[in-house]
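Presented below is the structure to which this report refers.
Keep in mind the model is a prediction, meaning the values are calculated, not measured.
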Amino acid sequence: MRRASTLASSVVSRVLLSAQDGVTTTAVLQHRIFQAALYRTTSSVVAQSTSRRWYSTALRSLSGGSAKTVSLSIAGALFSLAAVTSVSEEVLAKEPPPPDLVPKDVVLYQYEACPFCNKVKAFLDYYDIPYKIVEVNPLSKKEIKWSDYKKVPILMVNDEQLVDSSDIIDKLSDKILQKKSVDSASDDEERKWRQWVDNHLVHVLSPNIYRNTSEALESFDYITSNGNFSYTEKLTVKYAGAAAMYFVSKKLKKKYNITDERAALYEAAETWVDGLNGREFLGGSKPNLADLAVFGVLRPIRYLKSGRDMVENTRIGEWYTKMENSVGESSRIKA
């Protein structure tokens, strides 16, 4: 019923174009490869078929059972239905802004797998803001040639261009949510953790999803299946990209002083859980912008091997599942 839509990519800098241009440098190649990223997932709650089974049981009892059996059946059905309704309400709990504040035309230029794009989508989905998607080809970037800004995400809001995931969320928050917080300590905590996501957490992801050749291929299999590539590009990107990012990930480990990539990922997950300090979310009873940021950037890896290992070996799984339920189904408008 609700889906939590659930790194690395733009491979081979103009690999195919280089056949015409005659030039592709290693530096440009690595830069392009590092720009894209990966993932989404699906979770659902199916209450309708279950409730139908409960009603059928009650009706069968009414047609042939004793008064006591009838009463128990109806009571059981109503109790079960109430329980499912409660769960459904929890799963469907979003925070849509007042209708007059919802922008009429929102278009996200993205890579499906990009963690920063997923961070923006987590915000849009949680606040139930309808948006369209334009999937950008990371090799040619023809879809954003109209823009001076050549990275993703780019969010067009009523013809206004917003760039940089954190800045996009800040501006949308100001316009749509109109937050008037009087809790400066809470605001400071939220801001600190959002900076932690951008300055630390995201840098731990690439060394993990490209840790070895098999995990690199797993990542690029998703990228090529969901990205905007031609058939020829898919073949080139999957294998050349996976090989290139395997070596790039080793350089990233050195750059960010990562000795053991899995240990660094587990430590980051545990650091976040410690930061929750027993709360359901960092925002308390409901997610705040820091919760959405962490959830957004983790979506690209959650159901890859690195993400599965993270959930199995740390305490983050419970919080992540709650976030999946809270963010819920994508508010994307499909063409």
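In the displayed structure, Tyr239 atom OH is contacted under 6.0 Å by at most 12 heavy atoms of other residues, nucleotides or ligands. The neighbour count for Asp159 CG, taken as heavy atoms of other residues, nucleotides or ligands under 6.0 Å away, does not exceed 12. Summarising the local packing, CZ of Phe247 is surrounded by 12 or fewer heavy atoms from other residues, nucleotides or ligands at distances under 6.0 Å. Asp148 CG: 12 or fewer foreign heavy atoms inside a 6.0 Å radius.
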Lys121 and Arg332: CA distance, side-chain angles, deciding distance, side chain to side chain contact (heavy atoms under 4.5 Å, CB included) verdict: CA-CA 9 Å; Lys121 287 192 290 186; Arg332 172 182 178 178; over 6 Å; no

Could you walk me through whether Glu215 and Ser306 pass the side chain to side chain contact (heavy atoms under 4.5 Å, CB included) test, one step at a time? CA-CA 8 Å; Glu215 290 187 56; Ser306 54; 4.1 Å; yes

Take Glu218 and Lys305 through the salt bridge (Lys or Arg N to Asp or Glu O under 4.0 Å) test and state the conclusion after the steps. CA-CA 8 Å; Glu218 177 193 36; Lys305 179 169 174 34; over 6 Å; no

Working note: Tyr111 + Asn226, criterion side chain to side chain donor-acceptor pair (under 3.5 Å); need CA distance, chi angles, decisive distance, verdict. CA-CA 9 Å; Tyr111 303 141; Asn226 294 276; over 6 Å; no

Pair Glu261-Lys250, side chain to side chain contact (heavy atoms under 4.5 Å, CB included): steps then yes or no: CA-CA 10 Å; Glu261 55 275 279; Lys250 305 308 173 187; 4.2 Å; yes

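Within the 4.5 Å cutoff, the side chain of Val163 has no heavy atoms near those of the Lys151 side chain. The shortest side-chain heavy-atom distance between Pro130 and Val102 falls under the 4.5 Å cut-off. When side chains are defined from C-beta on, Leu155 counts as touching Val106, because their heavy atoms get closer than 4.5 Å.
When each of Tyr266, Tyr320, Trp319, Phe295 is checked for a ring-ring contact (aromatic ring centres under 6.0 Å, His included) with Trp272, only Trp319 meets the rule. Evaluated for a salt bridge (charged side-chain N to carboxylate O under 4.0 Å, His left out) with Lys119, the options Asp164, Asp167, Asp198 yield exactly one hit, Asp198.
Arg279 contributes a side-chain N or O that, together with a main-chain N or O of Leu276, makes up a donor-acceptor pair within less than 3.5 Å.
The aromatic rings of Trp196 and Trp193 stand perpendicular to each other, their planes meeting at an angle above 60°, with 30° marking the opposite boundary.
Hydrophobic cluster membership is shared by Ile316 and Phe281, with clusters built from Ile, Leu, Val, Met, Phe, Trp and Tyr side chains linked at under 4.5 angstrom.
With hydrogens and angles left out, the side-chain atoms of Ser331 and Asp128 include no donor and acceptor closer than 3.5 Å.
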